[in-house]
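Numbers for residues simply follow the sequence, beginning at 1.
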Amino acid sequence: MRISRRTTISLLAALPLAAHAHPEKKDSPPMYGLIGKMRAQPGQRDALIAILLEGTAAMPGCLSYVIAKDTLDADALWITEAWDSQASHKASLSLPAVQAAIAKGRPLIAGFGERFETEPVGGQGLASPR
């Protein structure tokens, strides 16, 4: 597929305009994301999910906190988080409700699997890119 010279020049000329449509806030930290796999003790996944849902209802700076059952492993679950910053995530670990959920859920956790840190840039349910 060939792009004509006129099309190329038009696209290049529009780039500065596109940059102003969503100006970056240089003083704002990037969003922070985590995706992690957690393994419950055999037969305890639903109980662990209930504890996690109960203890993570109100976390300042949390844009999304999704707990999902692994469809291939009856004891595994995935947690996908999006935060307005890494600092907000770190601060959430000190919240009384989160501390209580950790203490209550710890005996039901058999272990952890993959863990990925991400930098969300937007999407359904998230604010527009910064």
Nearest 0.5 angstrom please: Leu48 CG to Ile67 CD1, how far?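 Spacing of CG (Leu48) from CD1 (Ile67) equals 8.0 Å.
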Reported CG-to-CD1 distance for the pair Leu52 and Ile79, which is rounded to 0.5 angstrom: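 With rounding to 0.5 Å, CG (Leu52) is 5.0 Å from CD1 (Ile79).
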Does Trp83 belong to the same Ile/Leu/Val/Met/Phe/Trp/Tyr cluster as Val66, with side-chain heavy atoms less than 4.5 Å apart forming each link?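 Different clusters: Trp83 never reaches Val66 through Ile, Leu, Val, Met, Phe, Trp or Tyr contacts under 4.5 Å.
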Single-linkage hydrophobic cluster Phe112~Tyr65, side-chain heavy atoms < 4.5 angstrom: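 They do share one cluster, since a chain of ILVMFWY contacts under 4.5 Å joins Phe112 to Tyr65.
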Residue pairs involving residues 56-67 (criterion salt bridge (charged side-chain N to carboxylate O under 4.0 Å, His left out); sequence neighbours excluded):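 For residues 56-67, and leaving out neighbouring residues, there are no salt bridge (charged side-chain N to carboxylate O under 4.0 Å, His left out) pairs at all.
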Show me the donor-acceptor pairs, under 3.5 Å and distance only, between side chains in residues 29-47 and residues at least two apart or in other chains.
residue : atom : partner : partner atom : Å
Tyr32   : OH   : Glu117  : OE1          : 3.0
Arg39   : NH1  : Asp73   : OD1          : 3.1
Arg39   : NH1  : Asp73   : OD2          : 2.2
Gln41   : NE2  : Ile109  : O            : 3.4
Arg45   : NE   : Ala74   : O            : 3.2
Arg45   : NH1  : Asp70   : O            : 3.0
Arg45   : NH1  : Asp73   : O            : 3.0
Arg45   : NH1  : Ala76   : O            : 2.9
Asp46   : OD1  : Lys69   : NZ           : 3.3

Name each donor-acceptor pair under 3.5 Å that joins a side chain in residues 86-105 to protein atoms two or more places apart or in another chain, with its distance.
residue : atom : partner : partner atom : Å
Ser88   : OG   : Asp84   : OD1          : 2.5
Ser88   : OG   : Ser85   : OG           : 3.3
Ser92   : OG   : His89   : O            : 2.6
Gln99   : NE2  : Leu93   : O            : 2.4

